Protein chains: 2
Amino acid sequence: MARRRLSDTSHPDTTLDDEYWLRFGELPQPSMRDKIIFLTSEEGATVGPAVFNVASVCDRLGVTHPMVNHYFGGRDSLLAETAFVVYQRYIDSLWKAVRLAPADPRARLRAWMVQQIEGTADLGGWGGILNYPSSSMHISGLLEERYGGDMRRLFETNIIRLGVLIEDSRNNVNTALDQIDVSALRAQFLADPQTMSRAATMAWSTLGVAVWNAGQHLASAGVTELQANKEALIEGHIERMIATILI
Amino acid sequence: MARRRLSDTSHPDTTLDDEYWLRFGELPQPSMRDKIIFLTSEEGATVGPAVFNVASVCDRLGVTHPMVNHYFGGRDSLLAETAFVVYQRYIDSLWKAVRLAPADPRARLRAWMVQQIEGTADLGGWGGILNYPSSSMHISGLLEERYGGDMRRLFETNIIRLGVLIEDSRNNVNTALDQIDVSALRAQFLADPQTMSRAATMAWSTLGVAVWNAGQHLASAGVTELQANKEALIEGHIERMIATILI
């Protein structure tokens with residue numbers, strides 16, 4: 001089949017049906033603005049925001065390029081807003097995984113780690129912007145300027161809840177997520193060097209394996225024995241890290 | 001002072017003197033080919049390979065743009081070769097730090113971790129390509145194609161030596177680096193799940209903090225309390241991880 005012409009708005013992609021849009025939210029037919037963001041999130045994950053082609057999104061949705069400027073102001077603004085939506089979805093996925101985990105504090109901590117590893121792989125091309133912003137400053141600058149405050153709040157909620165999961169594991173209790181008052185805990189958490197230190201170790205140790213696994217770390221990606229043992233090594237790392245923060 | 005015109009080859013940058021070049025090697029006046037690589041490594045670290053301007057390097061060296069094509073074949077090839085040189089220098093710096101560390105196995109392990117954190121920050125814009133290649137496939141593809149084998153050998157030497165440092169810490173001995181026969185140890189290391197697992201945990205835990213510190217992880221970069229406690233948190237993480245692999 002010949003490649004679709006990128007300027008052709010008369011034949012939108014028919015695979016973008018109700019079922020497709022329901023993967024992103026509760027509406028089978030979201031607004032055109034949201035459709036553009038959702039489709040950008042998918043194409044950006046696959047090809048990377050750097051080479052992301054806005055014409056492809058317009059073409060598949062059957063809208064003209066000026067519509068993107070109308071809704072977002074331009075390509076970089078669309079990418080920055082989509083990166084924020086992707087980050088929100090990623091953080092949500094961590095806590096959805098914790099909610100679905102067995103009511104055991106270490107199982108919940110493990111669910112958070114496993115979902116960070118899988119969720120970072122799902123980020124695809126967005127992972128570079130979120131986890132290595134210095135590598136794509138033109139988009140990450142806009143992202144910081146417009147959504148920096150919101151992202152910090154999401155990050156703080158995430159790390160403070162992680163602190164609660166860690167303390168729960170140490171005390172063998174299960175705090176219901178809805179009972180965690182993040183704004184009340186914020187000052188206490190940030191003034192408690194031990195809890196903050198354990199949360200930092202857990203967050204960094206998980207970030208390292210998640211970035212390595214998702215970003216296809218260049219120098220090690222071709223080491224056959226490492227790839228063959230990957231699952232077992234990741235599993236061992238998770239077990240070791242949970243044991244570590246219990247000390 | 002007016003900005004230098006990028007097409008102006010008649011006034012090379014006079015700050016690029018013997019002293020400048022001695023930072024990169026043993027020759028006060030390396031070959032022009034090497035000068036291009038060294039200057040590219042510096043400019044790429046500062047602005048990032050994605051927006052790196054090859055005309056600036058030509059201008060500062062007083063050579064014309066076609067010289068870059070003559071030596072390297074093009075901008076992407078120059079960037080890929082420089083990324084490899086930068087990776088080599090980074091891995092060398094880890095083991096230079098270990099050599100300079102006190103003759104105590106845990107001090108050597110700590111030196112490796114500290115240098116990975118500082119060295120990753122020094123990578124600047126190169127860090128994205130090396131640690132998150134999926135975010136810049138056009139350069140990382142070339143890098144893999146041309147230098148993949150050499151990078152894997154550097155990586156393997158690094159991880160196998162790390163395994164020796166870890167075992168040394170557990171046995172309280174100091175193996176001289178020159179006595180580590182990496183090719184002889186390779187099969188043994190890759191068949192030993194315990195040593196490989198400890199090395200993986202140490203490598204991932206250090207990668208996480210190094211990437212976070214170097215890449216300016218977007219969502220957390222503005223959390224004041226975290227930035228204020230950064231040094232203590234990193235220090236605590238290093239201590240905790242060394243304690244962990246001794247168990």
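Proteins come first, then strands; the chains are lettered A, B, ... in the order of their sequence lines, and each starts at number 1. When reading the values below, keep in mind they use all heavy atoms of this one structure, side chains included, and skip hydrogens, waters and symmetry mates. Because the structure is a prediction, the values reported are computed rather than measured.
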Find out whether [X] and [Y] are in side-chain contact, i.e. whether some heavy atom of one side chain is under 4.5 Å from a heavy atom of the other.
X	Y	answer
A:V86	A:I129	no
B:L162	B:L94	no
B:I160	B:R186	yes
A:I37	A:F24	no

Checklist entry - Between A:L233, A:N229, A:V47, which has the largest tally of heavy atom pairs under 4.5 Å with chain B? => result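 With the most close heavy-atom pairs to chain B, the winner is A:L233.
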
Checklist entry - Using a heavy-atom distance cut-off of less than 4.5 Å, which residues of residues 188-206 of chain B contact chain A? => result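 B:L190, B:Q194, B:M196, B:S197, B:R198, B:A200, B:T201, B:W204, B:S205, listed by number.
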
Item to check | Nearest-0.5 Å distance, CD1 of residue A:I91 to CD of residue A:Q116 | outcome: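 That separation rounds to 8.0 Å.
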
Checklist entry - Hey, what do you get for CD1 (B:I36) to OG1 (B:T82), rounding to the nearest 0.5 Å? => result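 Going from CD1 on B:I36 over to OG1 on B:T82, the span is 9.5 Å.
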
Item to check | Residue part contacting chain B, namely of A:N131, when any heavy atom lies under 4.5 Å | outcome: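 Both parts, backbone and side chain.
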
Next on the checklist: Taking side chain as everything from C-beta outward and backbone as N, CA, C, O, which of these in A:A214 sits under 4.5 Å from a heavy atom of chain B? Side chain, backbone, both or neither.
Outcome noted: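 Interface part for A:A214: both.
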
Checklist entry - How far apart are the C-alpha atoms of A:I180 and A:L177, what are their side-chain angles, what is the distance that settles it, and do they pass the side chain to side chain contact (heavy atoms under 4.5 Å, CB included) test? => result CA-CA 5 Å; A:I180 302 176; A:L177 291 185; 3.9 Å; yes

Checklist entry - For B:T40 and B:W126, which heavy atoms make the closest approach, and how far apart are they? => result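 Shortest heavy-atom separation between B:T40 and B:W126 comes out as O-CZ2, 3.5 Å.
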
Next on the checklist: With a 3.5 Å distance limit and no angle check, can you tell me whether A:R60 reaches the backbone of A:A55 through a side-chain donor-acceptor pair?
Outcome noted: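 Not at all, since once roles are kept as given, no pair shorter than 3.5 Å links the two residues.
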
Item to check | side chain to side chain contact (heavy atoms under 4.5 Å, CB included) between B:V209 and B:M113, worked out | outcome: CA-CA 10 Å; B:V209 63; B:M113 296 180 80; over 6 Å; no

Checklist entry - Can you pull out the residues in residues 147-157 of chain A with any heavy atom less than 4.5 Å from chain B? => result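 Under the 4.5 Å heavy-atom cut-off, A:M151, A:R152, A:F155, A:E156 qualify.
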
Next on the checklist: Regarding A:R106 and A:E239, does a basic nitrogen lie under 4.0 Å from an acidic carboxylate oxygen?
Outcome noted: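 Between A:E239 and A:R106 there is no salt bridge, as every charged N stays at least 4.0 Å from the carboxylate O atoms.
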
Item to check | Residue part contacting chain A, namely of B:I234, when any heavy atom lies under 4.5 Å | outcome: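 Both the backbone and the side chain of B:I234 come within 4.5 Å of chain A.
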
